[in-house]
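Notes to accompany the following structure.
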Amino acid sequence: MSARRCGVRRVAATVAAVLALGWAAGPADAAPKPGQGTPITVMTRNIYLGGDITRPLTATAGKTGGEALVAFGNANHALRGVVSQTDFPARSKLLAREVAATEPDMIGLQEVALWRSGPMQLAAIGVSNATTVDYDFLATLLADLAAIGEPYVAVNVQEESDVEGPSFLGNPFAGTMSDASDVRLTMRDVLLKRADDRVRVLASGGGHYAARLPFSVAEVTFQFIRGYNWADVRVGAKTLRVVNTHLESQFSFLALAQARELFAGAARVPGQEVVVLCDCNSDPLNHTTKPGDPTPHSAPYDFMTGPGGFTDEWLQFAPADQGWTSGLSEFVNDPDTSQIDHRIDLVLARGADGQALPADQGRIVGVDPANRSATGLWPSDHAGVVLRLRP
């Protein structure tokens, strides 16, 4: 346990309980000033793919050949069991309630998983061809939003990694295998827009980062692909670009390389307001490094918010220690939110003049103890950030 975690846990839990009550009141001087534009409310929300995706990869560490395949298959089976246990159909209804309470105009979603399955094909590891849909997180969430009278539309769906591998119990080489199948995970980042005419979409698109994480399963090499999507929207008299992304979590040097690509590409629109919604996987207060990765965890954040960069908009509204967003367990059944003690889910912005955009309302969602499933699940392993900006 980090010293910072010990020091902030009580504060984080207290603030989370306060913010969960509703839109937090901004400071007195945050009232709209003459010349400020029509407001736009944005949300960044990692909705959690449902389990620890590194579980099968960790299980194969130091193993090769058949031993690695057996370890992978058993760990993949365990991962798929966790996904069922974390019950996205139940969590989706909680996420829909968050949206109904805050009514964001634009939402950047990360980890919008599509889980599929099919017959196990040990001779075709790495071929993504399973077609039976087990969970489609996007379809479920959109249906739940519509069911409570809060319709949203997908402006852009950016498919990222699409990986498939065997899942089984026992050992196929010893004749003890059972419950065998292939499990396929397609990761997506999605931009949603509230289904009204207040914000109009002019154009949209997306792409992949060249910086990618390689990994191997049974001597087959994969790449874990991440990317981004964007939409140019009209709000009142202003046109702004809204970008959504999920940077690499395993290595900060990759997250930094991806941030550099984004800020040299889709987020670089001279003379126009730009808002970036992200799970940035970079905590501004965490300057530690990992073995084999000399890049500090804070480095992507420092780059994105450095000289000439973007403004961390939460800090325009409230102190950092009122904005923790990450730390719940894999099973999202934690008894409280005291494990949420760092801030990696961010709203970054840059005005056409290079300055910050005013932020006059804000809220951290996903921390309300009353908004849990009947079995005690939180909406996600992350909290989300909602801010009203005035471009």
Side-chain angles (χ1 to χ4, degrees), residues 12-13 15-24 40-50 86 88 90-113 137-138 140-142 144-145 148 150 152 188-194 229 242-247 249 275-283 312-315 317-318 320-329 332 334 337 339-349 359 361-373 377-389:
V15 171
V18 172
L19 292 179
L21 298 177
W23 277 99
I40 180 171
T41 300
V42 296
M43 170 190 278
T44 182
R45 198 68 177 98
N46 182 321
I47 64 175
Y48 183 42
L49 63 91
T86 55
F88 186 75
R91 293 194 293 109
S92 175
K93 291 177 172 57
L94 310 180
L95 292 163
R97 290 176 198 164
E98 294 176 357
V99 172
T102 53
E103 297 189 333
D105 297 300
M106 299 289 295
I107 306 174
L109 299 177
Q110 305 94 33
E111 295 193 19
V112 188
F137 285 18
L138 178 58
T140 299
L141 181 57
L142 289 176
D144 286 338
L145 286 166
I148 61 172
E150 297 287 339
Y152 278 75
R188 298 167 296 181
D189 295 318
V190 178
L191 267 174
L192 298 183
K193 187 189 86 71
R194 189 168 176 79
N229 42 18
V242 180
V243 182
N244 174 49
T245 192
H246 188 186
L247 302 182
S249 61
V275 178
V276 176
L277 312 174
C278 72
D279 174 354
C280 293
N281 276 311
S282 181
D283 181 352
D312 182 344
E313 289 289 334
W314 179 261
L315 301 183
F317 171 73
D321 63 4
Q322 294 182 16
W324 308 136
T325 64
S326 183
L328 291 180
S329 71
V332 292
D334 309 57
T337 58
Q339 295 296 319
I340 294 181
D341 72 341
H342 55 290
R343 200 166 65 91
I344 61 177
D345 301 272
L346 305 171
V347 176
L348 308 174
Q361 284 190 341
R363 181 174 172 181
I364 299 298
V365 294
V367 293
D368 182 355
N371 192 34
R372 285 184 286 178
S373 75
L377 300 178
W378 295 94
S380 173
D381 64 338
H382 287 236
V385 180
V386 185
L387 284 170
R388 189 173 75 174
L389 307 176

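Heavy-atom basis, side chains included; hydrogens, waters and symmetry copies ignored.
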- Item | 4.5 Å side-chain heavy-atom contact, Val275 and Val347 | yes
- Query: What are the two closest heavy atoms between Ser92 and Leu141, and how far apart are they?
  - Reply: OG-CA, 3.2 Å
- Query: How far apart are the C-alpha atoms of Asp334 and Gln339, what are their side-chain angles, what is the distance that settles it, and do they pass the side-chain hydrogen bond (donor to acceptor under 3.5 Å, both in side chains) test?
  - Reply: CA-CA 8 Å; Asp334 309 57; Gln339 295 296 319; over 6 Å; no
- Message: If I take atom CG from residue Leu247 and atom SG from residue Cys278, how far apart are they, to the nearest 0.5 angstrom?
- Response: 6.0 Å
- With a 4.5 Å limit on heavy-atom distance, are the side chains of Pro379 and Asn371 in contact? yes
- Closest non-hydrogen atom pair, Val386 against Trp314: O-CZ3, 4.5 Å
- Query: Can any side-chain N or O of Arg91 pair as donor or acceptor with the backbone N or O of Tyr48 at less than 3.5 Å?
  - Reply: yes
- Item | Counterpart residues, salt bridge (charged side-chain N to carboxylate O under 4.0 Å, His left out), relative to Asp144 (two or more places apart) | Lys93
- Message: Do Thr44 and Leu346 have side chains that approach each other closer than 4.5 Å (heavy atoms only, starting at C-beta)?
- Response: no
- Query: Should Val365 and Thr102 count as side-chain neighbours, where that means a heavy-atom distance under 4.5 Å?
  - Reply: yes
- State, to 0.1 Å, how close Leu387 and Phe317 come at their nearest heavy-atom pair, and which atoms those are. CD2-CB, 4.0 Å
- Message: Checking Asp105 against Lys193 for the side chain to side chain contact (heavy atoms under 4.5 Å, CB included) test, could you report, in this order, the C-alpha distance in whole Å, the side-chain angles of both residues, the deciding distance, and whether it holds?
- Response: CA-CA 6 Å; Asp105 297 300; Lys193 187 189 86 71; 6.0 Å; no
- With no hydrogens and no angle check, is any side-chain donor or acceptor of His382 less than 3.5 Å from a backbone partner on Ser326? no
- Indicate the atoms forming the closest heavy-atom contact of Thr86 with Gly50, along with that distance. OG1-O, 2.7 Å
- Message: Any heavy-atom pair between the side chains of Val242 and Leu191 that's under 4.5 Å?
- Response: yes
- Message: Between Thr41 (side chain only) and Pro104 (backbone N and O only), is there a donor and an acceptor less than 3.5 Å apart?
- Response: no
- Message: As an exercise, state the distance from CG of Asn46 to OG of Ser249, rounded to the nearest 0.5 Å.
- Response: 9.5 Å
- Is the side chain of Arg388 donor-acceptor paired with the backbone N or O of Ile40 at a distance under 3.5 Å, no angle test? no
- Query: Side chain of Asp312, backbone of Leu348: donor and acceptor closer than 3.5 Å?
  - Reply: no
- Query: Are any non-hydrogen side-chain atoms of Met106 and Tyr152 less than 4.5 angstrom apart?
  - Reply: no
- Task: Keeping the roles fixed (side chain from Arg188, backbone from Ala113), state whether a donor-acceptor pair exists under 3.5 Å.
- Result: yes
- Message: The test is side chain to side chain contact (heavy atoms under 4.5 Å, CB included); show your working for Phe137 and Val190 and say whether it passes.
- Response: CA-CA 11 Å; Phe137 285 18; Val190 178; over 6 Å; no
- Identified side-chain contact (heavy atoms from CB on, under 4.5 Å) counterpart of Leu109 within the set Leu192, Leu277, Asn229: Leu192
- Looking at side-chain heavy atoms only, is the closest gap between Met43 and Val385 below 4.5 Å? no
- Task: Please list, chain by chain and in numerical order, all residues satisfying salt bridge (charged side-chain N to carboxylate O under 4.0 Å, His left out) with Arg194, sequence neighbours excluded.
- Result: Glu103, Glu150, Asp196
- Between Arg372 and Leu94, is there a donor-acceptor pair closer than 3.5 Å when you use the side chain of the first and the backbone of the second? no
- Query: Got a donor-acceptor contact below 3.5 angstrom from the Thr325 side chain to the Arg343 backbone?
  - Reply: no
- Ignoring hydrogens and angles, tell me if any N or O in the side chain of Asp279 forms a donor-acceptor pair with the backbone of His246 under 3.5 Å. no
- Message: Distance check, rounded to the nearest 0.5 Å: Asp341 atom CG versus Trp324 atom CH2?
- Response: 7.5 Å
- Query: Within the side chain of Gln110, is there an N or O that forms a donor-acceptor pair under 3.5 Å with the backbone of Gly108?
  - Reply: yes
- Least distance between heavy atoms, Ala101 atom then Arg363 atom: CB-NH1, 3.6 Å
- Query: Taking side chain as C-beta onward, heavy atoms only, is Ile47 less than 4.5 Å from Phe88?
  - Reply: yes
